[in-house]
Amino acid sequence: YRYGKLRHSTSHPLSSIILILLALVFLHDGGQVPAARNTDAMDSAERGKSAACVDQPAPVYGYKVVNVYPHDPDAFTQGLAFEQGSLYESTGLYGRSSIRRVELTTGEVLDNKDLPVFYFGEGLTVWRDRLIQLTWKAHTGFVYDKKSFARLATFNYRGQGWGITHDGSLLVMSDGSTFLRFLDPSTFEQVKVLAVHDQGHPISSLNELEYIRGEIFANVWRTDLIARISPESGKVVGWVDLAGLRGSLHSGAKVDVLNGIAYDARKDRIFVTGKLWPSLFEIELVVPSK
C-alpha cells in the first residue's frame, strides 16, 4: 500500500514542525518532482512566495473533542464530506474502494457503491447535486449523482489523485506534492496551481482536503497535523495538532494514519477520522496560548 506502517502518536513541538515537513518533501516519491505540474503556473506561484521568508511561524492550534461517533474500522478513509445531515465517505485499497453515505450518529453505512477492483479510491467532495471522487494512480475521477450514486461521468488528470474539496467556485485537488490544483468543476480543466509554504518552506504530502471558513484544511500524510492554508497565497496560516486522537482509540484497534476532514457548514462543526479508525471525532479548535 501507499500508506505504510503507522507511527506512534507523538506531540509536535513548534520547533520541529518545519523539519518534519521538509523531510517529507524528499521522502515522497523518492525526492522526485511529481508528474502533475503546470510549470508556468508554478513558477509564478514560487515567485509569489518570496515575501514569506520573513513570516512569523504559523500558530499551532490544539483541539477539544466535542463528540465521538462510531466509524467502520474496515473503512480505509480517503475522502470525507458532510452536507445537509449526510456524511459521505470515499474508501481506498484495491478491491475495497467505494463511496458511501453514512449515518453520522451510528456509523451505519446507508448506501454504498464499490469501485472496480483496479481502482484505488481517493478524495471525495460534494459539488451541488453530485459527488466527485478521485483515484490514486489511474489518472481518473468519477462523477456520481448524489442521491442515487449512479455514475454520470468520468474525467482525467495528470499525476496522482489524493484529496479534493471546493471553494464554492472551483474544485481544489491535491496530488501528494507541495501544490494544490484548482479545476473548473464543469470541464475539469486546470485553472491555476497554488504552492503551499510556511515561512518560505514548501509543505509536501498534502492529502485529504476540506474548505472551512475561507481556508483550505489539509491532512499532511504521515503526521498528526492539519495545515490551514490561505487559498489566495498558499501560505500556511495555522496548524492543527491532533496528536493524541489516535492514542485515544481503544486498545487493540488496528489503525492507520489520520486522514479525513469534513465540515458541517450549517452547524459549524468539524469532523475528523483516520484510515481504519473505529471512531469519528467532532472537534473544536483550541486557540494557542500566548
Side-chain angles (χ1 to χ4, degrees), residues 61-72 75 77-91 98-113 121-134 142-150 152 163-174 180 182-186 207-219 226-232 237-240 242 245 258-274 277-287:
Y61 291 75
Y63 66 93
K64 173 185 175 182
V65 175
V66 178
N67 283 302
V68 182
Y69 303 104
H71 180 251
D72 180 2
T77 305
Q78 298 290 79
L80 202 65
F82 189 93
E83 184 179 90
Q84 298 178 346
S86 292
L87 184 70
Y88 297 93
E89 186 170 15
S90 170
T91 67
S98 67
I99 58 168
R100 302 172 168 194
R101 182 183 291 108
V102 179
E103 170 60 43
L104 172 65
T105 56
T106 66
E108 179 185 359
V109 178
L110 303 176
D111 296 291
N112 181 86
K113 185 180 183 68
E122 285 281 349
L124 180 76
T125 193
V126 181
W127 174 255
R128 298 179 180 174
D129 61 348
R130 301 183 175 191
L131 300 175
I132 300 175
Q133 181 188 35
L134 302 178
F142 299 113
V143 181
Y144 306 92
D145 179 85
K146 186 173 67 174
K147 292 183 178 180
S148 69
F149 282 14
L152 303 177
I164 190 169
T165 187
H166 68 84
D167 62 6
S169 300
L170 298 173
L171 302 175
V172 186
M173 172 183 169
S174 66
L180 297 177
F182 289 70
L183 311 178
D184 184 305
S186 298
N207 202 357
E208 216 271 318
L209 306 175
E210 186 73 6
Y211 191 79
I212 301 177
R213 306 169 192 151
E215 298 173 359
I216 300 168
F217 280 48
N219 281 121
I226 292 175
R228 297 173 55 177
I229 303 163
S230 164
E232 290 79 31
V237 296
W239 295 97
V240 183
L242 296 179
L245 274 187
L258 176 78
N259 198 53
I261 313 167
Y263 181 56
D264 177 5
R266 289 186 174 184
K267 297 184 179 181
D268 193 26
R269 298 185 294 176
I270 298 174
F271 305 104
V272 296
T273 191
W277 285 25
S279 300
L280 179 143
F281 298 89
E282 178 187 340
I283 62 169
E284 290 181 356
L285 303 187
V286 176
V287 177

Quick one: list whatever passes side chain to side chain donor-acceptor pair (under 3.5 Å) with Lys146, sequence neighbours left out. Glu83

Do Arg228 and Val240 make a side-chain contact, defined as non-hydrogen atoms from C-beta onward lying under 4.5 Å apart? yes

Do Ile226 and Glu208 make a side-chain contact, defined as non-hydrogen atoms from C-beta onward lying under 4.5 Å apart? no

Please check if the number of heavy atoms outside Arg266 that lie under 6.0 Å from its CZ is greater than 12. no

Are any of the side-chain heavy atoms of Ile164 and Val172 separated by less than 4.5 Å? no

Within 45 degrees of the axis of the six-membered ring of Tyr88 and under 6.0 Å from its centre: does Arg100 put its NZ or CZ there? no

Among Leu110, Thr273, Leu280, which residue meets the side-chain contact (heavy atoms from CB on, under 4.5 Å) test with Leu87? Leu280

Is Tyr211 close to Pro231 at the side-chain level, that is, under 4.5 Å between some pair of heavy atoms? yes

Residues in ring-ring contact (aromatic ring centres under 6.0 Å, His included) with Tyr144, at least two apart? none

Of all heavy-atom pairs linking Trp239 and Ala227, the shortest is CZ3-CB, 3.6 Å

Identify the two heavy atoms, one from Val126 and one from Ala81, that lie closest to each other, and give their separation to 0.1 Å. CG2-CB, 4.0 Å

Considering non-hydrogen atoms only, spot the tightest contact between Gly260 and Thr77 and give its length. CA-CG2, 4.3 Å

Treating Glu210 as the side-chain partner and Tyr263 as the backbone partner, does any N or O pair qualify as donor plus acceptor under 3.5 Å? yes

Report yes if the side chains of Asn259 and Gln78 come closer than 4.5 Å at any heavy-atom pair, otherwise no. yes

What heavy-atom pair brings Thr91 and Ser98 nearest, and what distance separates the two atoms? OG1-OG, 2.8 Å

Treating Ser174 as the side-chain partner and Gly163 as the backbone partner, does any N or O pair qualify as donor plus acceptor under 3.5 Å? yes

How about Leu245 and Val272: do any of their side-chain heavy atoms sit closer than 4.5 Å? yes

For Val68, is there any backbone N or O sitting under 3.5 Å from a side-chain donor or acceptor partner on Ser279? no

Minimum side-chain heavy-atom gap Leu152-Arg130 below 4.5 Å: yes

In the structure I gave you, are the side-chain heavy atoms of Glu284 and Asp268 within less than 4.5 Å of one another anywhere? no

Exercise: do Ser90 and Gln133 side chains pair donor with acceptor under 3.5 Å: yes

Is the distance between the ring centroids of Phe271 and Phe281 under 6.0 Å? no

Flag, side chain of His71 to backbone of Pro278, donor-acceptor distance under 3.5 Å: no

Under a plain distance cut-off of 3.5 Å, with no hydrogens placed, do Thr105 and Glu103 share a side-chain donor-acceptor pair? yes

